[in-house]
Structures are given as structure tokens and as C-alpha cells.
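Down below is the structure, laid out as C-alpha cells.
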Amino acid sequence: MRLGLALGYWGRGPDPRHVELAQEAERLGYDSVWTAEAWGSDAFTPLTWIAAHTSRIKLGTAIAQMAARTPTATAMQALTLDHLSGGRMMLGLGLSGPQVVEGWYGRPFPAGPLTATREYVDIVRQVLRREAPVTSDGRFHPLPYRGPDSTGLGKPLKPITHPRRSGLPVLLGAEGPKNIAQTTRIADGWLPLYWSPYRTDAYATSLAAAPEDFLVAPMARARLCDDVAEGLLPVKAMLAFYIGGMGHASRNFHADLMSRMGHEEAAHRIQDLFLQGRRDEAVQAVPDTFADAISLIGPRPRLADRLTAWREGPVTDLLVTAPDVETLRVLAELNG
């Protein structure tokens, strides 16, 4: 199991530690570093900055939102950064949810999300292969565009720039069982949002047909500390925000996932509290057992024991969100 560093997206401003953490992760032998986006900082610009300050570590987006860019624009950014970094790019994509797609990007959330994802990935692959002008007869991403308001002058194009790698890895952030199963067919890997090494049965059916070289790369908060309860607070805060705030009460993919992992009652309670503005109570309503199962928190012996559980499952790459260099160092030593 390889280790990766997940930096996420910025909060109110850029985190001055990110370059230092990425450089230390590279020195410690981490395989990859990943950035993200929500509705603030984008995923590609910080990753390019990190690429300029590192030399070997792979560079991934976990995740770049599909609604933010057309598939050809995303492919252009990926192939550009792949060239600039010497072939280190890994493209992680996600559909996001209706609240972000419609509220931030001003686009309709696709009525057929699996179909929209397939079309998107197919076009990205076409650009990277550069075998012929890119075309798509798809419902969501037609190329050329021939809608009722088109000029009729669009023509299929090939990228001017020759991609460095036609097989640049494409990974998908998927949460629903059908979406995960499709990911094993159309992508090189999967970026789970929540993964518990103690509940791998939750994904067994969806991953049953995954090819042998398929990447499973979950993200997990990690912290070397003596007080486990205190160390779990940032995990619980993150879960409360995603489960309570990253979606509507009637349609929240993160809450649905928590329910499938055995915490349905708690998921509803968190949603209710968060939507009532009682955010501190929503954080406290997150079960410690759930937060602990999807993270790596505690003193060194505890981290060693739990890291063993992560290695025993299908995970190929553990992407850790760690707030300090010491945690990164200890995990590297334990993963040996």
C-alpha cells in the first residue's frame, strides 16, 4: 500500500504549509500529493505550484469537479500539467452534487449522472489518445455542439499539443454502488470519500469486477497524538459539514453513504442539527466510532495497529490528510 498526501482545498486563504508538507512527503517516499476544490480555490493551480517545488512525487486532483469545466478543458489542463511536471499527473474527477452544480456553477445537475460521467471520461480519454478529432454523440457533452442555438459551424478537433501520455491515469470520486461499479469499468481507479478497513463489505459488490491493477485510493485524516478523542474532533467537524451541509435534506450523497455504512440514524440527526444552525451539536452527534473507523488518530502503537488493518484490504493508495510533518514521518516509518 502506497502513501499519498491529501491537501484538500483552501479555506479562507492559501495554507502556507502546503508546499513544505508536499516537499517533506516527497523526501519521506510518499508516492503522491493531491489537491481538491469546492467553491473557492481550484484544484489545478495549487497543484501546478507544488509541481514547481517538487521533482518526483506524483500529482493528483482529488477531486476536480466535472461541472467546473468542459471535458476538453479538463483534458487540456491535465495534459499541460503532465508535460510541465515530467509525466507526474493523475486526474481525479467527481460529479459533485446538485447544490454545487446548480448553485455554484449554474448548470443543471444531470438527470443521468452515470451517463454524464461516462461521456465526460470518454471525451477526456479521446483527447489524451489524440488518435482522431474528438467527437461525441452524447446527451450531456455533445461534440461538436449542434443544439438549437448553435451556428452549425463547429467542427471536430484534435488537441494541438501532443499529450505526453495517452494513458494518463483517470480516477473517479464515486459514492453510490452503481457509480462505483461503473468506475471499475471506465476509470483507472476510485477515490472513496469514506473508507473503513473494518467495513470493506460495504463496497464488496461494487468492486467485484474491478481489474487487477485498479487503484483504490481513499482519503483519511491522520494525526499522531496522545488524546484520541481530541484528535477525532477535526474528523467529526468534517463529517458534520459534509453530511449536514454539503447537500439538501432530501438529497445528500454523503449522508446516504454514512447510512449505508451502518449509521443511518446518526446521519439523519446530524443533518437535522446542521440545517437548524446547531452546528456544534451536529459535530457532537457524529459517532466517535464512525469518525475513528475512517481515520488514523492516536499514539504511535495505535497508528501501527490500525495501519495494518488498512493494508489488509483492497486499498492500493492511502491518501492521508495530516496537519504536521511528524505525523507524515511516523506513517512513512510504519508503512515501511
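From a predicted model like this one, the values you see are computed outputs, not experimental measurements.
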Given Asp31 and Arg56, is the salt bridge (charged side-chain N to carboxylate O under 4.0 Å, His left out) satisfied, shown in steps? CA-CA 8 Å; Asp31 186 69; Arg56 299 183 308 278; over 6 Å; no
Full working for salt bridge (charged side-chain N to carboxylate O under 4.0 Å, His left out) between Asp292 and Arg306: CA-CA 10 Å; Asp292 196 27; Arg306 300 179 80 81; 3.4 Å; yes
Would you sort out whether Glu20 and Arg17 count as a salt bridge (charged side-chain N to carboxylate O under 4.0 Å, His left out), showing the intermediate values? CA-CA 5 Å; Glu20 176 192 354; Arg17 304 170 301 165; over 6 Å; no
In sequence, state the C-alpha distance, the side-chain angles, and the governing distance for Arg221 and Met238, and then conclude on side chain to side chain contact (heavy atoms under 4.5 Å, CB included). CA-CA 10 Å; Arg221 177 85 178 184; Met238 175 273 294; 5.8 Å; no
Would Leu7 and Asp15 count as a side chain to side chain contact (heavy atoms under 4.5 Å, CB included) if you check the C-alpha gap in whole Å, the side-chain angles of each, and the deciding distance to 0.1 Å? CA-CA 9 Å; Leu7 296 173; Asp15 191 324; over 6 Å; no
Going through the checks in order, is the salt bridge (charged side-chain N to carboxylate O under 4.0 Å, His left out) test met by Glu333 and Arg300? CA-CA 10 Å; Glu333 292 174 355; Arg300 184 180 177 119; 2.9 Å; yes
Applying side chain to side chain contact (heavy atoms under 4.5 Å, CB included), run through Phe274 and Glu281 and close with a yes or a no. CA-CA 8 Å; Phe274 199 95; Glu281 292 178 68; over 6 Å; no
Starting from the C-alpha separation in whole Å, work towards a yes-or-no answer on side chain to side chain contact (heavy atoms under 4.5 Å, CB included) for Leu207 and Trp190. CA-CA 10 Å; Leu207 292 175; Trp190 173 43; 3.8 Å; yes
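Taken from CG in Leu47 to CE in Met90, the straight-line distance is 11.0 Å, to the nearest 0.5 Å. Remark: Asp137 CG to Glu119 CD distance equals 9.5 Å, nearest 0.5 Å. Rounded to the nearest 0.5 Å, atoms CE (Met89) and CZ (Arg164) are 14.0 Å apart. One finds the CD1 atom of Ile57 at 12.0 Å from the OG atom of Ser85 (value rounded to the nearest 0.5 Å). Between Asp82 atom CG and Leu59 atom CG the span is 9.0 Å, to the nearest 0.5 Å. We find the CG-OG1 distance between Leu79 and Thr72 to be 11.0 Å, quoted to the nearest 0.5 Å.
Thr308 and Asp305 share no side-chain donor-acceptor pair at under 3.5 Å. Side chains of Asp280 and Gln284: a donor-acceptor N/O pair is absent below 3.5 angstrom, by distance only. Between the side chains of Thr45 and Asp42, a donor-acceptor pair is found at a separation under 3.5 Å. At a cut-off of 3.5 Å, with distance as the only test, no side-chain donor of Asn335 or Arg2 sits close to an acceptor on the other residue. Counted by atom type alone, Tyr120 and Thr70 present zero donor-acceptor pairs between their side chains at under 3.5 Å. Remark: the Arg88 side chain and the Thr54 side chain contain an N/O donor-acceptor pair separated by less than 3.5 Å.
Inter-residue side-chain proximity for Ser166 and Arg130 is flagged as unmet; no heavy-atom pair is nearer than 4.5 Å. Counting only heavy atoms from C-beta outward, the side chains of Trp49 and His18 never approach each other to under 4.5 Å. The shortest distance between side-chain heavy atoms of Tyr30 and Leu331 falls below 4.5 Å. Put simply, the side chain of Leu95 reaches to within 4.5 Å of the side chain of Phe109, judged on heavy atoms. Residues Gln23 and Ile50 have side chains not in contact (no heavy-atom distance under 4.5 Å, counting atoms from C-beta outward). Annotation: side chain of Thr115 is in contact with side chain of Phe140 (closest heavy-atom distance under 4.5 Å). Here the side chains of Leu232 and Ser295 are in contact, with some heavy-atom distance below 4.5 Å. The shortest side-chain heavy-atom distance between Gln77 and Thr48 does not fall under the 4.5 Å cut-off.
In terms of heavy-atom proximity, Arg302 sits nearest to Gly298 at CD-CA, 4.4 Å. Closest of all the heavy-atom pairs between Pro110 and Ala116 is CB-CB, 3.7 Å. Here the shortest heavy-atom pairing between Thr183 and Gly189 reads CG2-O, 3.4 Å. Ser32 and Leu319 get closest at one heavy-atom pair: OG-CD2, 4.0 Å. Shown here for Ala240 and Val286, the closest heavy-atom pair between the two residues is N-CG2, 4.0 Å. Of all the heavy atoms in Val315 and Pro218, the pair that sits closest is CG1-CD, 3.6 Å.
The side-chain contact (heavy atoms from CB on, under 4.5 Å) with Val134 is formed by just one residue from the set Leu157, Val124, Ile123; it is Ile123. Test Thr184, Leu191, Ile180, Thr117 against Leu172 for side-chain contact (heavy atoms from CB on, under 4.5 Å) and you get one pass: Thr117.
Ion pairing of Asp288 with Lys236 is present here, as a side-chain N (NZ or NE/NH1/NH2) and a carboxylate O approach within less than 4.0 Å. Remark: Glu26 does not engage Lys58 in a salt bridge, criterion side-chain N to carboxylate O under 4.0 Å. A salt bridge links Glu37 with Arg69: the distance from a Lys NZ or Arg NE/NH1/NH2 to an Asp or Glu carboxylate oxygen falls below 4.0 Å. Between Asp324 and Arg329, no side-chain nitrogen of the basic residue sits less than 4.0 Å from a carboxylate oxygen of the acidic one, so the salt-bridge criterion is not met.
Under the 4.5 Å side-chain contact rule for hydrophobic residues, Leu224 and Leu28 share a cluster. In the hydrophobic clustering of ILVMFWY residues, with side-chain heavy atoms under 4.5 Å counting as a link, Phe290 and Val283 come out apart. Under the 4.5 Å side-chain heavy-atom criterion for grouping Ile, Leu, Val, Met, Phe, Trp and Tyr, Tyr198 is not connected to Trp195 through any hydrophobic cluster. No continuous path of ILVMFWY side-chain contacts below 4.5 Å connects Val235 to Leu233, so the two sit in separate hydrophobic clusters. Following chains of ILVMFWY side-chain contacts shorter than 4.5 Å, one cannot reach Leu81 starting from Leu171, and the two form parts of different hydrophobic clusters.
Shown here is Trp310, whose CH2 atom has more than 12 heavy atoms of other residues, nucleotides or ligands within 6.0 Å. Atom NZ of Lys178 is surrounded by 12 or fewer heavy atoms from other residues, nucleotides or ligands within 6.0 Å. In this structure, Met76 places its CE atom where only 12 or fewer heavy-atom neighbours from other residues, nucleotides or ligands lie under 6.0 Å away. At most 12 non-hydrogen atoms from other residues, nucleotides or ligands lie less than 6.0 angstrom from CD of Glu265. More than 12 heavy atoms of other shown residues, nucleotides or ligands fall within 6.0 angstrom of atom CG in Asp201.
A distance-only check finds no donor-acceptor pair linking the side chain of Thr135 to the backbone of Pro156 [under 3.5 Å].
Partners of Asp149 according to the salt bridge (Lys or Arg N to Asp or Glu O under 4.0 Å) rule, which considers only residues two or more places apart in sequence or in another chain, do not exist here.
No close placement of the Tyr105 and Trp39 rings is indicated, their centers lying 6.0 Å or farther apart.
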